[in-house]
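Encoded as structure tokens, the structure appears first; notes follow it.
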Amino acid sequence: MKIDDLICDLLDEPSVQDDDSVVFTDRALELIHEIAEKCKDIPIVKENQKQMEEYAAGLSAEEIYVDMLIKIAAAPTAIHMRMSARMLIPIISAKLKTQERKGE
């Protein structure tokens with residue numbers, strides 16, 4: 001499946017709750033990790049990994065997800081919308097993996 005199709009599937013998952021909090025479904029978690037794996041070899045993602053990690057310092061996976069939704073909605077062009085997801089989902093995935101390790 002193509003990255004864009006996976007991202008659409010992720011955005012269709014009911015992650016944002018009525019109180020505006022974010023709770024990832026099991027399917028959303030699976031999609032996030034799958035998309036992140038596919039994005040890791042995209043040159044611009046690799047080139048900006050350090051900058052993205054600095055951006056994400058101190059933020060939770062859920063906060064980054066909400067920021068990604070805002071960036072997608074406010075994107076001036078389709079390429080900006082697509083790249084926002086490709087840049088941020090790997091960071092969300094890494095944050096979730098760190099949270100999972102801490103919870104073990």
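Keep in mind the model is a prediction, meaning the values are calculated, not measured.
Hydrophobic clustering (ILVMFWY, side-chain heavy atoms < 4.5 Å, transitive): I79 and L88 are in one cluster.
Applying the side-chain hydrogen bond (donor to acceptor under 3.5 Å, both in side chains) rule to K40 yields the partners E37; only residues at least two apart in sequence or on another chain are considered. Not counting sequence neighbours, the partners of D9 by the side-chain contact (heavy atoms from CB on, under 4.5 Å) test are M1, R27, L31. With sequence neighbours excluded, no residue satisfies side-chain contact (heavy atoms from CB on, under 4.5 Å) with D18. For D5, there are no side-chain hydrogen bond (donor to acceptor under 3.5 Å, both in side chains) partners two or more places apart in sequence or in a different chain. S93 meets the side-chain hydrogen bond (donor to acceptor under 3.5 Å, both in side chains) test with H33; sequence neighbours excluded. Partners of K71 by salt bridge (Lys or Arg N to Asp or Glu O under 4.0 Å), not counting sequence neighbours, listed by chain and number: D67. S60 is linked by a side-chain contact (heavy atoms from CB on, under 4.5 Å) to E62, E63, Q99, counting only residues two or more places apart in sequence or in another chain.
In this structure the side chain of I91 never reaches within 4.5 angstrom of the side chain of L59, judged on heavy atoms.
Sorted by first and then second residue, the pairs that involve residues 74-92 and meet side chain to side chain donor-acceptor pair (under 3.5 Å), not counting sequence neighbours, are D4-R82, D4-R86, T77-H80. Under the ring-ring contact (aromatic ring centres under 6.0 Å, His included) criterion, the residue pairs touching residues 54-74 are F24-Y65, with sequence neighbours excluded.
Summarising the geometry of A85 relative to P90, their closest heavy-atom pair is O-CD, 4.1 Å, with the distance given to 0.1 Å. The minimum heavy-atom distance between L96 and L29, with the atom names listed, is CD1-CD2, 3.6 Å.
Once rounded to the nearest 0.5 Å, the distance linking CD1 of I92 with CE of M87 reads 12.5 Å. One finds the OG atom of S15 at 6.5 Å from the CD1 atom of I32 (value rounded to the nearest 0.5 Å). Put simply, CD on E34 and CG on L10 are 10.5 Å apart, with the number rounded to the nearest 0.5 Å.
Counting only distance, with no hydrogens or angles, the side chain of K95 and the backbone of I64 share no donor-acceptor pair below 3.5 Å.
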I'd like a table of donor-acceptor pairs (distance under 3.5 Å, sequence neighbours excluded) in which one partner is a side-chain atom from residues 44-54, with atom names and distances.
residue: N48; atom: ND2; partner: I44; partner atom: O; Å: 2.8
residue: Q49; atom: NE2; partner: E53; partner atom: OE2; Å: 3.1

